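Given the structure is predicted, the values throughout are model-derived calculations rather than measurements.
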Amino acid sequence: MVRELIIESTALTKSYGPHIALDSLDIKIEKGATGLLGPNGAGKSTFLKTMLGLIQLTSGEGKVLGFDIRTQGDMIRQRIGYMPEYDALNPGMEAIHQVRYSGELIGMNPNVALQRAHQALEYVGLGEQRYRQVSTFSTGMKQATKLACALIHDPALIIADEPSNGLDATAREFMLNTLETTVNTGHRSVLMASHLMDDVERVCENIVLLHKGKLAAQGKIEDLKAIDREVEIHVWGSANKMEEALTDRGMKVRREGRVMRIGHTGDETYNQILRTASDVGTQVRRMHDHEASLEDLFLVIMERLGHDIKSSEDLLGGV
């Protein structure tokens, strides 16, 4: 079945003098929810600005919602809702008028924009606070207001840049639920940039990973996880010897205390683990296939690209 593409690019390149920000990107993003990942300097911001038609590409081509990014940037921006990471709100405005103004900026009739602003603020949970000034809002309420600004014109695609950054548990949960509802019930697409792997995995079905301006990985999260199958074991006794013996036999081992994850290289992996345990006198109390997370996948890909990191936050926290 052919799925609808919302973003596609061919040999997309953007250079600033000798610096190549985007290096011949071939990307196809399907309708639905996609996470945009990559370390600082990977080209994420340049990619987003290029897709919005805000900066001209050096070479190649691209389309968003079927519109050419070279010549139809205004058409693209009318159909996209953008929720930036940076503070884009006027602190002296009431929320209702901030959202209304966002609608007017993209050409909505003022009366229609006001009506839609009421609906958008209700949708993001700020219906009762809509006449409060933005300066009195918490971080979570400001993030929700930015989302309402992005949704006022009922866009086909929402670009959300770090939507849950700085939120407490309650506000974060509401934000993620709202984005999920927008995708699953509203049948809209979301391109979500975030350094919080759990949030991306919660909302998104697909990911695009950029690294130094190049495409490092792309596809369904579940499919990409298959590149790092592991067997998890819980051991008792001689854990150090067990780790050393597995490593000596050419097996890849990740260990935290008495829990080890061994790279899955085929059905013989299980027998090799049990034989090794028998040889060194270690008890294997539990053994099962490890269900990888998006965090695991990210670390594996970045390790293969030459990064020695302990977590995605080490690499993405400053993005």
For the pair [X] and [Y], find out whether any cationic side-chain nitrogen is under 4.0 Å from an anionic carboxylate oxygen.
X: Arg172; Y: Asp199; value: yes
X: Asp279; Y: Arg249; value: yes
X: Arg130; Y: Glu94; value: no
X: Arg261; Y: Glu232; value: yes
X: Arg188; Y: Asp154; value: yes
X: Arg70; Y: Glu61; value: no

Please find the pair of heavy atoms, one from [X] and one from [Y], that lie closest to each other, and give the distance.
X: Phe137; Y: Gln129; answer: CZ-O, 3.5 Å
X: Phe47; Y: Leu36; answer: CD2-CD2, 4.3 Å
X: Phe174; Y: Tyr123; answer: CZ-O, 4.2 Å
X: Lys142; Y: Leu89; answer: O-CD1, 3.6 Å
X: Ala148; Y: Ala120; answer: O-CB, 3.8 Å
X: Thr50; Y: Leu57; answer: CG2-CB, 4.2 Å

Using distance alone, with no hydrogens and no angle criterion, decide if [X] and [Y] have a side-chain donor and acceptor under 3.5 Å apart.
X: Tyr16; Y: Thr58; result: no
X: Thr181; Y: Thr185; result: no
X: His264; Y: Tyr270; result: yes
X: Asn111; Y: Arg116; result: no
X: His195; Y: Glu162; result: yes
X: Asn177; Y: Arg202; result: yes

Point to revise | From CA spacing to verdict: side chain to side chain contact (heavy atoms under 4.5 Å, CB included), His234, Arg258 | key: CA-CA 6 Å; His234 297 235; Arg258 300 186 182 279; 5.9 Å; no
